[in-house]
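I have placed the structure first, in the form of structure tokens, so that the comments after it can refer back to it.
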Number of protein chains: 4
Amino acid sequence: MSRIPVAILGATGTVGQKFVRLLGDHPWFEPAVLAASEQSAGKRYGDIVRWRETTPIPERAADMIVRRCDPPLDTPIVFSALDAATALPLEEAYARAGAYVVTNASAWRMDAEVPLLVPEVNAEHLGLVRTQRARKGWAGGIVANPNCSTAALVLALAPLHRAFGVERLFVSTMQAVSGAGYPGVASLDALGNVIPFIGQEEEKIERETRKILGAWMEDGIAIAPITVSAHTNRVPVVDGHTETVSVGFGRRVSPEEARAVFESFRAEGVVASLPSTPARPVELDLRPDRPQPRLDLERGGGMTVTVGRLRACPLLDLRFVVLGHNTIRGAAGAAIQNAELLVAEGLVPR
Amino acid sequence: MSRIPVAILGATGTVGQKFVRLLGDHPWFEPAVLAASEQSAGKRYGDIVRWRETTPIPERAADMIVRRCDPPLDTPIVFSALDAATALPLEEAYARAGAYVVTNASAWRMDAEVPLLVPEVNAEHLGLVRTQRARKGWAGGIVANPNCSTAALVLALAPLHRAFGVERLFVSTMQAVSGAGYPGVASLDALGNVIPFIGQEEEKIERETRKILGAWMEDGIAIAPITVSAHTNRVPVVDGHTETVSVGFGRRVSPEEARAVFESFRAEGVVASLPSTPARPVELDLRPDRPQPRLDLERGGGMTVTVGRLRACPLLDLRFVVLGHNTIRGAAGAAIQNAELLVAEGLVPR
Amino acid sequence: MSRIPVAILGATGTVGQKFVRLLGDHPWFEPAVLAASEQSAGKRYGDIVRWRETTPIPERAADMIVRRCDPPLDTPIVFSALDAATALPLEEAYARAGAYVVTNASAWRMDAEVPLLVPEVNAEHLGLVRTQRARKGWAGGIVANPNCSTAALVLALAPLHRAFGVERLFVSTMQAVSGAGYPGVASLDALGNVIPFIGQEEEKIERETRKILGAWMEDGIAIAPITVSAHTNRVPVVDGHTETVSVGFGRRVSPEEARAVFESFRAEGVVASLPSTPARPVELDLRPDRPQPRLDLERGGGMTVTVGRLRACPLLDLRFVVLGHNTIRGAAGAAIQNAELLVAEGLVPR
Amino acid sequence: MSRIPVAILGATGTVGQKFVRLLGDHPWFEPAVLAASEQSAGKRYGDIVRWRETTPIPERAADMIVRRCDPPLDTPIVFSALDAATALPLEEAYARAGAYVVTNASAWRMDAEVPLLVPEVNAEHLGLVRTQRARKGWAGGIVANPNCSTAALVLALAPLHRAFGVERLFVSTMQAVSGAGYPGVASLDALGNVIPFIGQEEEKIERETRKILGAWMEDGIAIAPITVSAHTNRVPVVDGHTETVSVGFGRRVSPEEARAVFESFRAEGVVASLPSTPARPVELDLRPDRPQPRLDLERGGGMTVTVGRLRACPLLDLRFVVLGHNTIRGAAGAAIQNAELLVAEGLVPR
């Protein structure tokens, strides 16, 4: 089987680099186009990228000539690592021109016709693409993955929501600096410090969680009626978002019930067979002081979310800690898994 | 006026050193005895302490000969920086022998007859000392200051509790490594990492908060009926505990009402005139990304707690961020202020 | 005595803020003009500065209206915290217009007619100002302080150079991120990392050291014939440059001889009485693991350089470690001390 | 081919864990015995080890019952991750009893009859084992790998030494905290700080370098007549020792000559085919700001040393920066490679 050619928009940024690395030896996809800004276009990728991954640039990618981000790029799948402002018009242009845009940008996430996908959680929302294409008159389509903090959170919530119905949620994050891109957070702000504010992050968590956990209603998504209160903080960690969570349900749920639900949670159907789906999308760690970003981040190649410290909450029902890899499960890895779902569901021909 | 001689138990540890530094030029107190473990006794303090403050050892202290912690030490006030296990019997022995033990240890904090004091918050709880002395038959007494996270938290809650009555409370902490003493947290655990667990810390926050905010009932304290859910985390910060807080009251309270309450909050009566009481025990910072430990910790000599990001909470009523200096407002400075209150209230003669 | 009005160019940057803080209560100088870029001009300093000092903005400064950096500013002394490119023409314009420009910028440091001053080391180089004014035809003048790493290094070398004559020098630095300004080093580069390169820093250390330790020859400076090899590195430290040094002389010098020289080193003559001159410009710390930036940086208000680990070098004669405060002794504090020298020597009338 | 059973002494410590991880899927060796202290003996390894690697414990190892470190352990190869004091008598006992002890401990490194091996550098020193067995009357033998800083340094020096003859050497290290084991360095000492002292480290670098680069003289090693001056520092980095180096030869050597030598350096003979020998033992990175521990540490599975910033030295001949993985190339990986050499050379039968 030959690999499907894909384009990467914003290929020189930190998320773009993560796409290049993860797609370097992907079984289904082959990076055919690396696109970036005007000033990078026409140059060899290896010469202009300020590569910050710890493995070398894949040789094939290093030798590619960077192109501008103008559509069309002649690949059926376009991964977008653009910033939100640029993403809005460009991504639409690609979708209109017939490509499936699999975007990590926030621009289209809350559009009522764009599915906000985490395959293990809400693969059925992909149905929204048909509505989207019909209503918007696009030859292609757009699917989005959530914000990095939300991605880890909804994976931890999904088993509980299915079993017990989440109604109330408190989350306080401790987010890694890689979430802000490069150069991102100044070292004078980050070193030995906590910054208790990340612009628009709390709003994203609160609304994206409700959309992702919402019900699929044939031609739209019924936003889940969950009350969410998010506090977001930046801490001096390179990779890995840690989140403390308290959650309340319609009825009392004990830690033991929740443990059983976490331990039996698996990806289902076609999702289980996607190359990027880990054996265990959520892993419960029973050790008293886990998860920790330095020790538990690489599980499942960065696609497994770790839950720890599961215990009763005096105020809601349960409390626990969630750890997710913000640039893999929360960005590039998530988008790649979404593209795999598009292929597995037949929207993009193999 | 001559200064009152005081003893410091555990004078070589990190909290003990903070006592030595803060008392170096205190207007009311004079360190007359530095006490530590068997192996330090008989030696010059300056020769054996592994001094970790950034200002030099006060010269007078450096030249003092360390004594053992055995009572009596012949000072009317004994500051205790002992660990909990050692503190329990030793502190009682001093109290029995006639001294006022002003302790930072956790051993006696939840004893029904020991006041857990934050002078700006519950100075009236000092009345419990009379009950204590009567019931326990002690010639002296014991007063305790709360755990470091609780100290900052209750200062931020006190104005709100007085005005509106706190009923429900979430708090998620990001605590500095200095809270664990020396050597404390291993650098392999702390660097670039989050440890989402601190032994017994959540329990301390939950119960100490209720006691401190409890009502003084002439011969005892009525524990405040507040439901508290605490999540505690260690982050790679040297000094300063940052806490995200959501709080609910008996009625809806708006951020504007809360702002007015924070801005008018001041120490009252005799407490306002204690040397360690800052001009503003709680300061509200309106900048969007504050407070931060690296920038806001030294306010009021480390005795001012900073509140920021005051806003509505979708789940309870209000949310905000609290920052406090864990080794000053949360330890040595708190104990010194408590001792000042003992003097100002006439329990220890000047 | 009324205070001398001074201007601060680049007052909103990190070094500019340090000037504002240090001059907030200076006995001789009063900030009369705060100047910055076009877009800041006309606005209240307190409203536009992103204040990063840990003490509050001096109230008088906060209320000042920022001006543009265009000469003249009508103050006899102009402190410059400009970047090198801007500094070159602007500083000359001020000097021509009659002001004494006391600059932290690198632009004029190596000009043969500009003294590169560290008052305790080479106050006599100030004589060069007369030559400068005559040859350049300026009504005012320019004096410069060295690069931050060099400032600490030459203070440690000066006592040895006077006593024994330094001939060869190896220095490897571990520099704080504050030396790169704000935003400066990205946290993704700084956290848990070493960056073994700082642009032009090695060249600056090598040539500035030779100029500062050069001999004053009535109308010029004879560059010291010292062979210097510098390695410069950025480490995840906020403030404080640590430097490992090996030094060779014309004859064998023992650590004991060097110790005596360090311990007797004091500022001399008028320099000793400048407000910013510390009691001990260089302090020798005999503890085996010192100096450390977290513990030893604040000595002498940040103007004292600490030397430690003095021992024989198998290759040259001596080795030791030097620690200096890069934004005080290596920047704003150094410039202020230089201005004090201008006043004390009568170049600027009181 | 069946795998050779090996024992790991000190299997629960940080270096011991690294052995367990690296040997988890080793093509030649199979961990047959995990030995540790009295209190661990008799327990399941997975239950008692405080595992700090980021990959899971190899399942086979997790299920093994820990044994005491008493000889004999009935394996032809014994890896030792013991501390120096324990290592001295125990390692001798194993060697006497017939095992080859491949040790990371410092106890035997400078023994005139123990080879201090870095296979790409001085594989011929292995000949010393014959002398050792004859003179000491041991049935087995001991081979040691160097201290972690020395391991990286000598790999960078070896190509230069062979080509030009190193005579003089400066090295200033910036060492990771993992080099001190667990708990090792306190976070209060490490965070945002530099500790310019590591006990006995400078002495080890100075003497081990001379031994490793010494000439093999049939029945002994002629220590290389190199004058070495080492400065050692601890920096807040988790893994990876960075070293700035200046080196002088008997004649002038240009950076271009050195570059050619580095680029052509390869492992030779049987060493090139050892499983742990990387394709490039030393890699020269020409980018101006490399190597950096966060980006360049994992080259060659942690067995490749990266050299960067190669340039002329004003004082000696060349300067450059060396980066090595301290717990792989500087500890467990080095020992495993040494054991592979023992097998390849026929001292241990396959």
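Chain letters run A, B, ... following the sequence lines, proteins first and then strands; every chain starts at 1.
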Next on the checklist: Take a 6.0 Å sphere around CZ of D/Arg68 and say whether it holds more than 12 heavy atoms from other residues, nucleotides or ligands.
Outcome noted: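 Atom CZ in D/Arg68 is not crowded, with 12 or fewer foreign heavy atoms closer than 6.0 Å.
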
Checklist entry - Counting only heavy atoms not in D/Arg52, do more than 12 sit closer than 6.0 Å to its CZ atom? => result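 More than 12 within 6.0 Å, yes.
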
Next on the checklist: Is the ring pair D/Phe170/D/His231 parallel, tilted or perpendicular, if the boundaries are 30 and 60 degrees?
Outcome noted: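 Tilted.
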
Item to check | Within residues 182-194 of chain B, residues adjacent to chain D where the heavy-atom gap is under 4.5 Å | outcome: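 So far as heavy atoms go, B/Tyr182, B/Pro183, B/Val185, B/Ala186, B/Ser187, B/Leu188, B/Asp189, B/Ala190, B/Leu191 are the residues that approach chain D to under 4.5 Å.
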
Item to check | Trace of the side-chain hydrogen bond (donor to acceptor under 3.5 Å, both in side chains) decision for B/Asp239 with B/Ser178 | outcome: CA-CA 6 Å; B/Asp239 285 316; B/Ser178 63; 2.7 Å; yes

Checklist entry - Do B/Glu283 side-chain atoms and B/Val307 backbone N/O form a donor-acceptor pair below 3.5 Å? => result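 No; zero donor-acceptor contacts below 3.5 Å.
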
Next on the checklist: Does any backbone or side-chain atom of B/Arg50 lie under 4.5 Å from a heavy atom of chain D? Answer side chain, backbone, both or neither.
Outcome noted: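 B/Arg50 touches chain D through side-chain heavy atoms alone.
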
Checklist entry - Between B/Arg299 and B/His325, is any pair of side-chain heavy atoms under 4.5 Å apart? => result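 Result no, sub-4.5 Å side-chain heavy-atom pair not found.
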
